[in-house]
Every structure is written in C-alpha cells, then in structure tokens.
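The structure appears below as structure tokens.
Reckoned from all heavy atoms, side chains included, excluding hydrogens, waters and symmetry mates. Note that the structure is a prediction, hence the values are computed from the model and not measured.
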Amino acid sequence: MKNHNEISSFIWNVCDDVLRGLFKQHEYGDVILPFVVLRRLDCVLEEKKDDVIKIHTEYKDKFDDTSRVIHSKLGIKFSNYSRYDLIRLKQEPGKLSENFYDYLSSFSSNVQDIIQNFGLQKHIDKLDSNDKLYLLVEKFTDINLHPDVVDNHTMGQIFEELLRKFSEMSNETSGEHYTPRDVVKLLVSLVFSTDRDKLNQPNKILSVYDPCCGTGGMLTIGKDWLRDNTQINPSNINLFGQELNPQTYSICKSDFLITDEQPDNIKLGSTLTNDQYGDGNRKFDYMITNPPFGVSWKSEQKQIKNESEEYGGRFSVGTPRVSDGSLLFLQHMISKMETQGSRIGVVFNGSPLFSGDSGSGESEIRKWIIENDWLECIISLPNNLFFNTGITTYIWIVTNKKDENRKGKIQLINGESYFKVMKKKLGEKRKEIDTDHMDDIVKLYSDFKETKNSKIYDNQFFGYTKLTIEQPLVDNDGNIVKDKKGNPKPNTKLRDNERVPLSDNIEDYFNREVKPHLPKSWVNTDKNSVGYEINFTKYFY
C-alpha cells in the first residue's frame, strides 16, 4: 500500500473492525490518529532500534535523559529506548497494557509533547479492558508508513482525508482542519510567483509562516513550490506555524520531526490571544493561511478588545463583529510584515469584502489596509471547492512592497469559471482547480492587465463618504422649528444617508442628486464618515 486512497481505506476499515460499538464515532479520530503517528515513528526508528536500546543501557546510569547522547551518536532527531515498538508489543500479549505505557513513556521529550497533546492515554485502558488493544496494534503493524514508502505529501493527504471524515462524523466544521490541496497550490503560486527574481538571489534565507497551520499542509506545499520553482537551497527555507487544535498540532509537529523540518517552530495555542511569536516582535517574509470561516471569537473577546485599545496593538484600527474573526487573522499577519517587504496570501469567504458599514470595525480594517496601499489583488474562486461548504471563497494578496506599476491600484480577478468537475464529489467539494486553470489564474495575476476576468482599479475607487442628510422639523402650522442660534432643527425621523464615491465632490453630488428632490435638506457634516467595501460581483457583471 503506497497511495493515499489505499492507506486511508485501510485505516478507515480498522475503525470499523476495532472501534465500532466501543467508542462513539466522534472519538474515532482521538484513537486512530495517534496510532498512525506512532506507526510512522516506529517505521523511521526501526533500523536503529537496537542501537538506541544499546546506547541507552550503556548511559542510563550516567544521565537522567539519555536522548541527547543517543541522537548525537546515531545522527537522529528523536528516539525510543524501550524494548518495545508496535511490532514487539505483540510478542507479550499478556502484559500488553503495561508494556504499552513503557513504550509510550520511553520516547524522547520532543515526541512526548506530541503524545501528550493527542491525549491517547485515556483510551488505552478502555481498549485493553475490552480486548481491543492487541487487535488495534496488530492491524497497524500491517502497514509500512516509512517516509521512503509514504512520502510527506502523501502522508499529509492521508491525515487530511482522515480528519475530514472524522470531523464530518462529529458534525464539526472540517474546514477548520483542511484546505483542499488545489486551493493551497494556487495560493502559494500567487504568493511566490512574482518574487522569483528576489527568491533566486544567492544565499537567500527566508521564513514562511502560517498562523492557523493545521496539519502543516500549506507550509510543506509552499516549500515544495519553492524547491521546484527556484534555486533556493531548501535548508534556507524556514517554516513556522501556530495551531489551536492539539490533535492537528501533534500531527503537524510529528511530520516536521520525521521530515527534518524544525518541529520546535510549530507552536500550540490561539494565535489571536496567545501569539507564540509575539516576543521580540518576530517578522516573516511570507505568510499563508486559511483561517476558519465565520467562526466566533466571543470566548476571546475580552483579551482582543483590551489589545485593540493599545496604541499600535495588532487590532488597534478596529475589530470585526464577534461572529466572524477572519479579519483578525489578517491584522495579526500584517503586524508580522518585515519592513523591507513581506507578502501575505489568505483565503476568506465573502464577508471581509463588504460586511459592515462605514465606521464599523470591518470597514475601518479595509480602510486601513487600502489607504496604506497593502491590498494588491483579490481572486474569486469557484464555489463547491471546499469539503464542508459550497460557498464562494476569495484569495487576498496583501503586501507592503508593491511593484511600482501596482502602487495605488488593486487588481480583482474573477476566477469562478476556472475549474473542472470532479468524477466523484467529496462532501461539498464537486470542483477542483487543475494545473492548467491554476496557470491561467496566475498568468492573469502576473500580467496585470485589464481583461474580461481581470479588472484594475485605483485604491480610492472602493471608498465612499457616508453623508447624513437632514430635513427640518416643522410645527403644526408648517413652520420650520429653529434652535437658539436660529438654525433649523433636524427631524430625526426623516434623517437619511447617502454614499458618495471618494472620486466625487460631496457638494456637487448633494446639489445634483439630493437637493432637487429635497430642496430644504442639508448635510450634517459632523456625521460624515469614510468607508470602504469591495462589491466583487458588481464589477464583473
């Protein structure tokens, strides 16, 4: 078994054979995913297992922790000094549970963190007391998950396929775990492609960061793109991430450990309220992410509001409505931009484009981004691309170092027709963006020309001034009521609003559009406010 469909099916059948009836369906992932990781770790360690045990035995009386000696002598990054692995555990079925704990506790500390965050221990006793632990161990020893057999890319697909199925069974939003590979590949192509010359400079060292990294797929696909399309030395590409979900964090960290990445660069916790890269104000060259769509930040509201009141804090320009925290992640990434230039690619639903009137948090965030000339391009994607939702999604490209010809301008690309229909749908996913369509979208972006599917506008095109139109209060005799200064009092029941494009003169607009219909009206200039919105579909249809 080498391809991800065969292995995913095999693991899925293990759930059916071993866990059905004993665990609730929503618990399957908690049991199965750690076993997948343990088997993969075993496969990597297998050929050096006896050497590890020998060195541990030799040095255990001299050191409390022998792992440093073991790793140094054998040139490995993690180890397990127990006499057991999943295969050897089967040799003593009568002491399986006891030996299993010995096996788990003998991993080096960098693996202990992964195991702890899986929370597997609480399920072992239940498996053992129901005579299922041996069966589960036996099943997993039937597959070889060594990276030479199942590479990192395939393993990522297996994890994501399993996560998708497990989260569907527990009615979670699987989008929180999993961005389809075609969307990720398009995103990284858009983020990196226009920087090829810069990336090919000799001895280039760069950092790539994902603040919602899940199982790490975006980071590793980003690195794959750089390896395949530039001359940059892969060891000079440093990947960083943070993840809220302990299970997906553990998967990401274990894969980084196995594939010679830096597992310590993957952090656990909420990016919004526990930024693990906040100390020293860490910056990154490239940032890519798909934050959860339409997820409430109510549980973190107090801390975020406190930070929004700090001058220069990440959220100081405003916060979006509590029901959708997407724009908070973009604000967070903007705070991580290098002064010499960073590029950000983020996947959003439609809400960040237009929700919120002028003066609202969303509009203030858009205003801040556009008036700083950071928004470079927005691409609309086909609907039915994601597994858990059929909605239309958008890729935003944000940078603080636009090319000269892009300064003061925003490009919009209508990518909704660039897809092929899949032979077999997966959840809500019926469409995929193949390589040809991907190339077409990237070409529209890099050409930076007006076409049927590419529009270019000045930044101020998206801005407007919201006017408050007042009409006078009249008494029962029809006379205008005036205040102490002799000015007409406004009738608040007749108060109305008008939106005037920033490119229009307010006075001219008022005299042309309002005055002829409401001759006694006036503009309450104290209430004027500037807003920004991007009414995407309007510009293409």
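Residues satisfying the salt bridge (Lys or Arg N to Asp or Glu O under 4.0 Å) criterion with Lys267, sequence neighbours excluded, are absent altogether. Every residue meeting the side-chain contact (heavy atoms from CB on, under 4.5 Å) condition with Thr319, not counting sequence neighbours, appears here in chain and number order: Trp297, Ile304, Lys305, Ser308, Phe315, Leu328. With sequence neighbours excluded, the residues forming a salt bridge (Lys or Arg N to Asp or Glu O under 4.0 Å) with Arg499 are Asp357, Glu533, listed by chain and number. For Asp440, the side chain to side chain donor-acceptor pair (under 3.5 Å) test picks out no residue, with sequence neighbours left out. For Glu161, the side-chain contact (heavy atoms from CB on, under 4.5 Å) partners two or more places apart in sequence, or in a different chain, are Ser8, Arg164, Lys165. In this structure Asp439 satisfies the side-chain contact (heavy atoms from CB on, under 4.5 Å) test together with Thr435, sequence neighbours excluded. By the side-chain contact (heavy atoms from CB on, under 4.5 Å) test, Asn5 is found to be paired with Asn3, residues two or more places apart in sequence or in another chain being considered. For Lys407, the salt bridge (Lys or Arg N to Asp or Glu O under 4.0 Å) partners are Glu404, not counting sequence neighbours.
The shortest side-chain heavy-atom distance between Leu412 and Phe540 falls under the 4.5 Å cut-off.
With Thr179 as the partner, the side chain to side chain donor-acceptor pair (under 3.5 Å) test is satisfied by one option alone out of Thr289, Thr393, Asn290: Asn290.
For the residue pair Gln242 and Tyr209, no side-chain donor N or O sits within less than 3.5 Å of a side-chain acceptor on the partner. Side-chain contact, Asp17 with Asn13: no donor N or O sits under 3.5 Å from an acceptor N or O. Using modelled atom types, one finds no donor on one side chain facing an acceptor on the other under 3.5 Å when comparing Asn349 with Ser351. Counted by atom type alone, Glu416 and Thr392 present zero donor-acceptor pairs between their side chains at under 3.5 Å. A donor-acceptor contact under 3.5 angstrom links the side chains of Ser270 and Thr273, judged on distance only.
Without hydrogens or angle criteria, Asn265 side chain to Leu239 main chain gives a donor-acceptor distance under 3.5 Å.
Sorted by first and then second residue, the salt bridge (charged side-chain N to carboxylate O under 4.0 Å, His left out) pairs with a member in residues 284-300 form an empty list; sequence neighbours excluded. The salt bridge (charged side-chain N to carboxylate O under 4.0 Å, His left out) analysis of residues 179-192, with sequence neighbours excluded, yields the pairs Glu160-Arg181, Asp182-Lys429. Note on residues 395-447: pairs passing ring-ring contact (aromatic ring centres under 6.0 Å, His included), not counting sequence neighbours, are Phe348-Trp396. Within the structure, ring-ring contact (aromatic ring centres under 6.0 Å, His included) contacts touching residues 229-252 (residues at least two apart or in different chains) are Phe240-Tyr277, Phe240-Phe284.
Contact between Gly222 and Val188 at its shortest, heavy atoms only, is CA-CG1, 3.8 Å. Here the closest heavy-atom approach between residue Arg39 and residue Ile143 is recorded as NE-O, 2.7 Å. In plain terms, the two heavy atoms of Leu257 and Phe78 that are nearest each other are CG-CD2, 3.5 Å. Here the closest non-hydrogen pair linking His146 and Asn144 is N-OD1, 2.9 Å. The heavy-atom pair separating Pro292 from Cys212 by the smallest distance is CD-SG, 4.4 Å. Shown here for Gly390 and Glu428, the closest heavy-atom pair between the two residues is N-OE1, 4.0 Å.
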Pair Met287-Asp210, side-chain contact (heavy atoms from CB on, under 4.5 Å): steps then yes or no = CA-CA 6 Å; Met287 290 169 261; Asp210 182 348; over 6 Å; no
**Asked** Given the rule in the side-chain contact (heavy atoms from CB on, under 4.5 Å) test, do Lys253 and Asp264 qualify, once you have shown the distances and angles that lead to the verdict?
**Response** CA-CA 8 Å; Lys253 197 162 175 177; Asp264 291 343; 4.2 Å; yes
Exercise. When you look at Tyr286 and Asp195, which way does the side chain to side chain donor-acceptor pair (under 3.5 Å) test go after all the steps?
Worked result: CA-CA 11 Å; Tyr286 296 92; Asp195 265 5; 2.6 Å; yes
Item to complete: Apply side-chain contact (heavy atoms from CB on, under 4.5 Å) to the pair Leu426 and Met422, showing each step before the final yes or no.
Response: CA-CA 9 Å; Leu426 290 167; Met422 293 164 62; 4.0 Å; yes
- Message: Please determine whether side chain to side chain donor-acceptor pair (under 3.5 Å) holds for the pair Asn110 and Lys77, giving the CA-CA distance in whole Å, both sets of side-chain angles, and the decisive distance to 0.1 Å.
- Response: CA-CA 9 Å; Asn110 50 359; Lys77 290 173 75 174; over 6 Å; no
Requested in this report: Take Ser189 and Ser193 through the test side chain to side chain donor-acceptor pair (under 3.5 Å) and record every step on the way to the result.
Outcome: CA-CA 5 Å; Ser189 300; Ser193 58; over 6 Å; no
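Under a 4.0 Å N-O distance rule, the pair Lys401/Glu338 does not qualify as a salt bridge.
Taking the six-membered ring for Trp and the full ring otherwise, the centers of Phe536 and Tyr394 sit less than 6.0 Å from each other. For an aromatic pair to be called close, the ring centres must be under 6.0 Å apart, and Phe354 with Phe462 fails this.
For NZ of Lys420, the number of neighbouring non-hydrogen atoms (other residues, nucleotides, ligands) closer than 6.0 Å is 12 at most. Remark: Gln231 CD is loosely packed, at most 12 non-hydrogen atoms of other residues, nucleotides or ligands lying under 6.0 Å away.
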